[in-house]
S.K.: 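Next up is a structure, given as structure tokens.
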Amino acid sequence: MIARREFLKNSLLGICWFAGNSYGLPGQSKKPGSRPKVIVVGFDGMDPVLAEKMMDAGQLPNLDKLRKAGGYSRLGTSNPPQSPVAWANFINGAGPGTHGIFDFIHRDPAKQCQPFYSAAETEAGDGYLEFDTHKIQLDFWPFNHTPTQTFLRRHGVPFWEYLDRAGIPSAFFDLPANYPPSSSSHGHHCCLSGMGTPDMLGTYGTYQHYSEDGPVRTKDEPGGKRSMLFFENETAPAKLVGPVNDFLIKPEPVTVDFEVHRDIAADASLIEIQDHRVLLKKGQWSDWLKIEFELSMPALMPNNNISGICRFYLQEVAPNFRLYVTPINIDPSKPAVTISEPDSFVTEISSSLGLFYTTGFQEDHKALSNRVFSDSEFAEQAEIVLQERIGLLNYAMDNYEDGLLFFYFSSTDLQSHMFYWDTDEKHPSREPSQTAKYFEHVKDIYRKADSIVGDVIKRYGSEATVMVMSDHGFGNFKRQFNVNTWLRDNGYIQPSNCDSIMSDKIDWSATKAYSLGLNGLYINLKGRERDGVVEKDERERLMEELITKLKQVTDVDGKKVIRDVYRTDKVYSGPYVKNAPDLLVGYYRGYRAAWTSILGDIDDDVLSDNKSLWAADHCIDPHEVPGVLFTNRHVLKDDPALIDIAPTILNEFGLETPGTMTGKNIFKD
Amino acid sequence: MEVIAKILILINSVTNVIGSIVFAPIGIMPGWLSNTIISAVAGVLMLLVFKHTSNQTAIGKVRDGIKANMLAIKLYKDSFSVTITSLAKVFKGAVLLLFYSSKPMLIMIVPVVLLLAQMGLWYQFKPISPGRDALVFITLKDQMSPDFSEVSLEPFSGYEVVTGPVRIYSKKQVFWKIRTVESGKHDLNFKVGQQQFHKELVSGDGFERINPKTPAMKWNDVLFYPADKPFSKDSAVQSIEIEYPRRDSLTCGSDSWIFFFFIISIIAALLFKPFLNVKI
Ligand SMILES: [Zn+2]
């Protein structure tokens, strides 16, 4: 349901966008093209260790040219170095205490460690009228029902707000940590939201996989669904699961029936879904297809059609027919929910570029982790993403006149998670030859990044300040540390046979600390946590004790596991510190929090091998994984960090650094 | 129903000749302009047909009656009984008008549908741009034998076969994905057993007369795909279809060109009504 004010505002902004016809928007004294130009390209997770090695070897000529001209530095990351935290630091020009994002996962102290995603929150609606099996919400008097709403949890003033107020246009493509997109107060800001944007199922990406050896009843797995196909006369019926129909009192997903036909001799298949006929040979991808999902409405009201997009990938025809369908993305030409500011920003892009991925996580790493994809299939799908994004960058540059242009690439992060491995040590799940091959693939991505930068510099290097940056670096992830197991084994979680902090077995009255998320450790503080027991004056001693003990943890080979443990009351400042974990665990490269520990499970072993294909990570000590900063200007500040980028941008446009920002201009010493 | 199909084939043979000559200029002018001209001319012609096939005197009388009663309602708005009787008469007049226009409507419906079918050949689809892929498929009369040799698409210089033949047994269909290499009208040659079948493939840009389907002997298909002669009931091939891209335009693109046609023709008819002295 659209509230009328929202609709009016969006329409006005849409008109602004149309009238502007490019990022030079109307209503300003300066002529478009006469303002300063700043272009920021973000390569998520580009690692300085690897980049420097490759530059030394002459493999990244464009980046090396910037380095040689004094425009390179490692870039201090956020603590913890997790992408949502890091990009929020970038957005606020200040640390997590100002934006309140501390991890991918937060906990609700009032519900004792109950976890939720930190980036956006969906608040269930309140009140409705019942019509048989359906419900309807009316947000006006006398009903005043509140519809279900998703809102951005990031707090503080994003730096583009200052540009917006000053009439300086800014355009962001795939900006992380900004879903739902924050609105522009003066209509000079456009943004397509990136990481954090859901698919049509409301998840961070759910593929659907169909095979003859799949489960008879559709089975959910992390990041996907699997179903069985049964061929009769070489034709099999199938169902595509779509968005949930919230107009039903008992909401359930809308499904679309489709048919799969195959010709074994031709090693090909025909897929018939709605108006589409898709002919694929083994190993081929379909184009993006628009799928209409019909949400049934109460009687007498017309049904609501919403559009999603997906692509089919035929993996095998026989003997085991296998078909992969991408997560159903929000249709950029007709978005069912707001994914850009203004709404018309994404439809304009789509009218020029057609259909493209809109979910926040585009590379389907879950399909690889669950072995739906092979290594090479994942690399191929990720390459599709990269090529689409390069097309989008070209669109962005073609339509850019002046002001700020920000563009984000995820390839350097999500492919590194799966393929980065920079030692001769044995990879947890890959043969040495394959490990080397795919690390070479990561280097290929860096080379592609280099040529993208070359392109940007060629087009705008002489007239714009260009900054190329990453939010953090990368390290191997060989061994995992279960903080909760360690806490239990050391008596901080009770009883001694407790297997999860989420289980009923846990004795909160005797538990002093627990861990949730990738780096956070919480004291079970009285008066804050629902079942808190640690008194305020005990907290100080307990934190110091935990820090000392954790820093002493060694692996079986004698290696230190934890580089440092940080007290957030010392490293953070700002109005939201009170919501932060008490301690942040900073691992050495090679280590990370255990998979099971993230959501509070307790294993037998404190330390174990990471067996996942996700064998590289950056959620460790921030000093282990700084990011990179390249620019076509001299970097003069000594130790530039993510929080310095926003003040630098503002200064470039002649604006003062706001008092809320703790970062400093990198072009001044 | 086969009789209707056969009559339609005869009519199509005439409309195809007229259509391909009269509409040829569509290929060389902007789509919005050609559709505006055709729609406006059609609107005026429909007006003339209406004039000569309807009872203009009767319609004039009913119109006068309605006017008089409207005036009565205005003048005697304080008198309840006059208002009610006049309102009833206005309503009766409206029904009568509908009745008097039914005969010309019935007379016009067939030519208008035939006209739209010819227009659809130009506006509904775009030719395939060189280098782009398109799906081609044939529907066979009989269940295919399991071996492939009997159905093939002959290679030709204007296009290449990317995928296929792919046989879908449950649908008695054979699919190919082809890629056009150069602009122009190409002949797709299918071999089914000992027989040859042809279908025109149009590659290029801009506006072209495109018939996406050579249909079976079904009257509705014969009506909507008029350009090719349908296959007879006992033909080994029952239909040949090419998936052309839909045209994206409000004035001359897929589906919306029809609405544009009706809007412009109605506007044209209303504009010319006083000059041609027609009562509607
Ligand atoms: Zn990452």
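Here is the naming used below: chain letters follow the sequence lines, and residue numbers restart at 1 for every chain.
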S.K.: For A/A268 and B/V166, which heavy atoms make the closest approach, and how far apart are they?
M.R.: CB-CG2, 3.5 Å
S.K.: Should we say atom NZ of A/K448 is surrounded by more than 12 heavy atoms from elsewhere, each under 6.0 Å from it?
M.R.: yes
S.K.: Would you indicate whether the side-chain heavy atoms of B/K171 and A/E272 approach each other to under 4.5 Å?
M.R.: yes
S.K.: What is the distance from atom CG of B/D133 to atom CG of A/D287, rounded to the nearest 0.5 Å?
M.R.: 8.0 Å
S.K.: Around atom CZ of B/F23, are there more than 12 heavy atoms from other residues, nucleotides or ligands closer than 6.0 Å?
M.R.: yes
S.K.: Could you tell me whether A/D275 atom CG has more than 12 heavy atoms of other residues or ligands within 6.0 Å of it?
M.R.: no
S.K.: Determine the minimum heavy-atom distance between B/P165 and A/A266, stating which atoms define it.
M.R.: O-CB, 3.6 Å
S.K.: Once rounded to the nearest 0.5 Å, what's the spacing between atom CZ of B/F175 and atom CG of A/D263?
M.R.: 11.5 Å
S.K.: Name the member of A/H261, A/R262, A/Q284 that forms the most heavy-atom pairs with chain B at distances under 4.5 Å.
M.R.: A/H261
S.K.: Name the option with the most non-hydrogen atom pairs under 4.5 Å to chain B; the candidates are A/E234, A/E232, A/R277.
M.R.: A/R277
S.K.: Could you check whether atom CG of A/N394 has more than 12 heavy atoms from other residues, nucleotides or ligands sitting under 6.0 Å from it?
M.R.: yes
S.K.: If I compare all heavy atoms of B/W176 with all of A/L279, which pair ends up nearest, and what's the gap?
M.R.: C-CD2, 3.7 Å
S.K.: State whether the number of non-hydrogen atoms from other residues, nucleotides or ligands found under 6.0 Å of B/Q194 atom CD is greater than 12.
M.R.: no
S.K.: Could you tell me whether the side chain of A/K281 and the main chain of B/V162 form a donor-acceptor pair under 3.5 Å?
M.R.: yes
S.K.: Crowded around B/W219 CH2? As in, over 12 foreign heavy atoms under 6.0 Å?
M.R.: no
